[in-house]
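Read through the structure below, which is laid out as structure tokens, and then see the notes.
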Amino acid sequence: METVVREMPDALEEECGVFGVYAPGEDVARLTGYGLQALQHRGQESAGIAVGDGAHLSCYKNVGLVTQVFDDAVMDALVGDLAVGHVRYSTSGAAAARAAAPPPLSSIDEVEIALVHNGTLLNTEVLRASLEQEGAAFASGTDTEVATHIIAEATRRTGSVREGIRHAMEVLEGAYAMILATPEALYAFRDPHGIRPLCIGRLPQGGWVVSSETCGLDIAGAAYVRDVEPAEVVRLGRDGLDAESGPAAPRRASCIFEYVYFARPDSVIDGQSVYQARRAMGAILSQEAPVEADLVLGVPDSGTPAAVGYAEASGIPYAFGIVKNHYVGRTFIQPTQAMRERGITLKLNPLPSVIAGKRLVVIDDSIVRGTTSRQLVTMLYEAGAAEVHLRIVSPEVRWPCFYGIDTATREQLLAAGRTTEEMRQWIGCDSLAFISLEGLHRAVGAARHQGWCEACFTGTYPIS
């Protein structure tokens, strides 16, 4: 039995990234591998790819980064016309190979299916218990496998994969952006609220790509076509793209934190450039929380675009003053408190030659437990900073997320039950300010739709 001990992270972590290709004649496995590398920031513990050749599906998955899981020999063996892939960051249980997606292949009257999923189902245990009473056997503890069983059972009953997915969408509660592969076609669909993102692209040769973010389309050489709409089922196969819309929720609730942190800055979500949204967040925050200072610093990487926006709007020079080590992965065990407290130095290091004697405005994306912010402020003072003014481009994170994000319990969130001044004193900075929720709305206002999931700020959840 594999056991992984992991400290609760001091950042919100996206659980998964999904990618799919339908392109007969193309090297679909390698295209999927490229797409998963572009989505690696959404999941860094395991990776898997399933390939369909028209008659059968074959699958390979393991623990590790995409480049660690797949080599040329593995890719050469994955031959077909279509593929689905998944990168996972587990929010419960061990990061074991059995929890990697796609889950064990299921079959519908001898037709194999593979399912990949970004998000979290809220009624997994109830559904699992019901399925087990009916004789279903499970090989992993994932909600993806539960959804696979439900779709397979409904498809056998109705004779239609699309109807099987429709039935599952009526039963499943929670957030999901899923891609299902049969040996002949891909099916992409999202929950009725559209909480997690999913988009469609077209390859130059005419094939199709589905990805959690547009950065996955870019690396595959696909042109963005559109997003998969909430409650929509899109089929990609020999006949091209065929879509049917189901009953969407009365209120759309796309995750607003995608713009703050989760998505790559070169992605576009619902027509809104993530990079431009983050620049706007910094500019708006400079208006809401101005301060006299000498330099603006961004906490890499997600704080950098916002820092540029803050500097441009405030007239305070932007400086590269914090270096990030991009080659440090998650440590699976940190046995002493001293090691935990100094762990940030493995990833972030201030530049004394830039910041010594300077009054700093430091821009970061969010504060969860606050330990990283506290350690960073201490490091900046040790490097000679005269003042440190911390500015956060998200409102206070006061509530946990249940829709596919690894977040602490409410008791572990620094902002829960504390005033801004109490948080400032605990972190140790000279001043602390957060963007307002209205300011965040303005920053992402170019998105096509109205309606966000912002429960981590407000405690108002779109799904009970």
Polar side-chain atom of T304 near backbone of G298 as donor-acceptor pair, under 3.5 Å: no
Full working for side-chain contact (heavy atoms from CB on, under 4.5 Å) between R252 and D270: CA-CA 12 Å; R252 186 160 179 167; D270 287 323; 3.1 Å; yes
Interatomic distance, D191 atom CG to M178 atom CE [nearest 0.5 angstrom]: 9.0 Å
Minimum heavy-atom distance between I151 and A168, given as atom pair plus value: CG1-CB, 3.5 Å
Nearest heavy-atom neighbours spanning N118 and S212: OD1-OG, 4.3 Å
Side chain E422, main chain T419, donor-acceptor under 3.5 Å: yes
Residue pair E134 / H149, side-chain donor-acceptor N/O under 3.5 Å: no
Test side-chain contact (heavy atoms from CB on, under 4.5 Å) applied to V84 and V18, step by step: CA-CA 8 Å; V84 290; V18 297; over 6 Å; no
Beyond-backbone contact of W399 with T458, side-chain heavy atoms, under 4.5 angstrom: no
Pairs touching residues 390-405 that satisfy salt bridge (charged side-chain N to carboxylate O under 4.0 Å, His left out), sequence neighbours left out: E396-R398
Under 3.5 Å: donor-acceptor pair, side chain of R374, backbone of G370: no
Any donor-acceptor pair under 3.5 Å from D365 side chain to G303 backbone: no
From H117 atom NE2 to L180 atom CG, the distance as rounded to the nearest 0.5 Å: 12.5 Å
Any donor-acceptor N/O pair, S130 side chain to L127 backbone, under 3.5 Å: no
Heavy-atom closest pair, residues L122 and G174: CG-CA, 3.8 Å
Contact check, side chains of Y310 and M281, non-hydrogen atoms, under 4.5 Å: no
Heavy-atom side-chain proximity of V146 to F138 below 4.5 angstrom: yes
Spacing of CG belonging to L39 relative to CZ belonging to F19, to within rounding of 0.5 Å: 7.0 Å
Pair V234-L198, side-chain contact (heavy atoms from CB on, under 4.5 Å): steps then yes or no: CA-CA 11 Å; V234 176; L198 195 62; over 6 Å; no
Between OH on residue Y259 and OG on residue S394, distance to nearest 0.5 Å: 15.5 Å
Nearest-0.5 Å distance, CE of residue M169 to CD1 of residue I165: 8.5 Å
Residues T158 and E163: side-chain donor-acceptor under 3.5 angstrom: no
Sub-4.5 Å side-chain heavy-atom contact between L390 and L432: yes
Heavy-atom pair with the smallest gap, counting every atom of G237 and A185: CA-CB, 4.4 Å
4.5 Å side-chain heavy-atom contact, K347 and N325: no
Inter- and intrachain pairs under side chain to side chain donor-acceptor pair (under 3.5 Å), touching residues 169-188, at least two apart: Y187-R235
Criterion side-chain contact (heavy atoms from CB on, under 4.5 Å) on K61 and S46, from CA distance to verdict: CA-CA 7 Å; K61 58 185 179 179; S46 63; over 6 Å; no
Contacts of Q287 that satisfy side chain to side chain contact (heavy atoms under 4.5 Å, CB included) - sequence neighbours left out: R442
E258 (side chain) donor-acceptor with C255 (main chain) under 3.5 angstrom: no
Short side-chain to backbone donor-acceptor contact, E26 and G207, under 3.5 Å: no
Residue pair E153, R157: steps toward the salt bridge (Lys or Arg N to Asp or Glu O under 4.0 Å) verdict: CA-CA 6 Å; E153 189 277 331; R157 190 174 65 252; 2.7 Å; yes
Where A222 and G201 come nearest, the two heavy atoms and their spacing: CB-C, 4.1 Å
Heavy-atom closest pair, residues A83 and V51: CB-CG2, 3.9 Å
P400 side chain near L413 side chain, heavy-atom distance below 4.5 Å: yes
Interatomic distance, L31 atom CG to M75 atom CE [nearest 0.5 angstrom]: 9.5 Å
Ion pair check, R264 and D218, cut-off under 4.0 Å: no
Lys/Arg N to Asp/Glu carboxylate O, D227 vs R190, below 4.0 Å: no
Any I427 side-chain heavy atom under 4.5 Å of I367 side chain: yes
Side-chain donor/acceptor of R196 to backbone N/O of Y403, under 3.5 Å: yes
S314 (side chain) donor-acceptor with S286 (main chain) under 3.5 angstrom: no
C453 backbone acceptor or donor facing Y461 side chain under 3.5 Å: no
T372 side chain reached by D364 side chain, heavy atoms, under 4.5 Å: no
Parallel, tilted or perpendicular, as decided by the 30° and 60° cut-offs, for the rings of W452 and H441: parallel
Over 12 non-hydrogen atoms of neighbours within 6.0 angstrom of OH in Y34: no
